[in-house]
Amino acid sequence: MSDITTLKTELTTQIEAANDLQSLDDVRVSALGKKGRITALMKTLGTMSPEERQTTGQALNALKDEIAALIKSQEAALKKQALAQRLATETQDITLSTRPQRQGAVHPVSQTMEELVTIFGAMGFKVAQGPDIEDDWHNFTALNFPPGHPAREMQDTFFLPEDPSEEGERAKKLLRTHTSSVQIRHMQNHQPPIKTICFGRTYRSDYDMTHTPMFHQMECLYIDRDVTMAHLKGCLSDFVRAFFKIDDLPVRFRPSFFPFVEPGAEVDIGYVKKPDGGIKLGKAPEGEEQKWMEILGAGMVHPNVLKNCGIDPEAYQGFAFGMGLERATMLKYGIPDLRTFFECDTRWLAHYGFDPLQRPNAATGQ
Ligand code: DAH
């Protein structure tokens, strides 16, 4: 019996001294394992007298349970301690800088389109759309370009293979050279009053500092009874002044020719030359020369165009104008080279682009 008491004291001391899980397990094996000391004592029971076996057996079983319980609680204590230690020593380095997050930017042409929607939306215009792939009829004939008229050659057109399912001029497919074709499509499907603007890609075979094979145009169309050139002048002047944010921006109409309008005009805005050779939009101060630059084409819609679209020119008339979006954007934001608009250089976009969360409509509340 005293053996058992001694063993118990010894094992208890060992268990309490075990300061990691591995040494605790070593104690377990040495006590309760196949060749462990308690196991060895159990094996001696067979050699004992029945009375001795009973008392020793009970004592050994009790010892076995006690030791197992002690090991279990020591194990729990060690695990808790290990966790506390890890929590105390391991730290997360929250000072490490995050990966740079790049915010996208709105392309200047998209910005311009949104600004135009805001300005013309406030004047009651709606946005119309038309296809980039047009046909000769919508792009030229319906717009009063006579066959073989030099105006057709004025625009270097990208022609596409003929469409065998169509006939004549409608089979002659091309990439639209201007957004004026959208006027035609809209008037074919709507009766006046018509008050629309449209934006879109346009295509011409051209490439240099100021021309790219694809660029964007905006088209404006207003058809109603009693629409006059005065409406055109008022609308256009308001628009360019709002767009360039210059209240007294000089606007000048110069007679010009476009087959789809009569009379036709080119519209100029005023600027002055700066000493450094640059330009500044606006009215010339006293004593300085007022310079002019062309910004768009406009006119009163030709009666033939109305007829071609099924609108009675005796009852209705109206105005139209068309403007290159890149050029207007370059002027407004001082972007020097047109070609950079389409190079998809994200550094350029980061410099000239606009905050996606600061939209023109939100700014004006319209
Ligand atoms: N379509 C013309 C161009 O691409 C621009 C234009 C001029 C549009 C006069 C018009 C207009 O609506 O009335 O050069």
Side-chain angles (χ1 to χ4, degrees), residues 109 116 120 125 127-132 134 136-146 149-158 174-188 192 194-206 210-224 227-237 239-240 251-269 293-306 308-309 311 313 316-328 338:
V109 168
L116 295 173
F120 283 96
F125 286 82
V127 176
Q129 281 180 319
D132 288 25
E134 264 301 357
D136 191 90
W137 191 81
H138 287 90
N139 197 80
F140 294 122
T141 307
L143 285 159
N144 200 35
F145 286 73
H149 190 282
R152 281 192 198 222
E153 271 90 74
M154 258 161 45
Q155 305 185 336
D156 291 305
T157 310
F158 289 113
L174 48 84
L175 293 177
R176 68 179 175 202
T177 58
H178 51 185
T179 42
S180 302
S181 54
V182 183
Q183 288 184 29
I184 302 300
R185 291 195 176 265
H186 196 81
M187 286 193 282
Q188 283 182 310
I194 290 171
K195 230 178 155 182
T196 56
I197 52 168
C198 124
F199 309 105
R201 298 195 170 113
T202 49
Y203 306 83
R204 292 178 200 178
S205 179
D206 228 344
T210 50
H211 298 90
T212 49
M214 187 282 294
F215 60 103
H216 295 77
Q217 278 193 347
M218 177 212 153
E219 194 84 14
C220 177
L221 178 69
Y222 180 26
I223 309 285
D224 205 342
V227 179
T228 71
M229 194 113 187
H231 294 112
L232 171 62
K233 285 190 93 171
C235 175
L236 264 179
S237 305
F239 147 57
V240 289
V251 181
R252 178 173 87 171
F253 282 63
R254 236 177 335 99
S256 185
F257 175 75
F258 301 97
F260 35 92
V261 281
E262 182 57 39
E266 275 175 331
V267 177
D268 300 336
I269 51 175
M293 74 170 81
E294 186 219 320
I295 177 92
L296 53 84
M300 300 305 291
V301 178
H302 198 290
N304 288 349
V305 174
L306 295 173
N308 290 338
C309 301
I311 293 175
Y316 296 103
Q317 70 277 111
F319 66 73
F321 62 84
M323 180 180 82
L325 291 187
E326 284 80 6
R327 197 167 133 66
L338 171 66

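This structure is a prediction, so every number in the text was calculated from the model and none was measured. Whatever order the structure lists ligands and atoms in, that order sets their numbers, starting from 1.
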Side chain, backbone, both or neither: the part of [X] lying under 4.0 Å from ligand 1 by heavy atom:
X	value
F321	backbone
A320	both
M300	neither

pair [X]-[Y]: side-chain heavy atoms closer than 4.5 Å:
X	Y	value
L221	M187	yes
I295	M323	yes
R204	F215	yes
S180	F258	no

[X]: numbered ligand 1 atoms lying under 4.0 Å from its heavy atoms:
X	answer
Q217	3 (C), 4 (O)
F258	7 (C), 9 (C)
G299	13 (O)
V261	13 (O)
Q183	12 (O)
S180	1 (N), 8 (C)

More than 12 heavy atoms of other groups within 6.0 Å of [X] [atom1]:
X	atom1	value
R201	CZ	no
K233	NZ	no
Q129	CD	no

Please verify the inter-ring angle class for F120 with F321; under 30° counts as parallel, over 60° as perpendicular, anything in between as tilted.
tilted

Report yes if the distance between the aromatic ring centroids of H178 and F260 is under 6.0 Å, otherwise no.
yes

Would you check the N or O atoms of E219, main chain and side chain alike, for any that come under 3.5 Å of an N or O of ligand 1?
yes

Can you find a non-hydrogen atom of [X] under 4.0 Å from ligand 1?
X	result
F319	no
M323	no
R204	yes

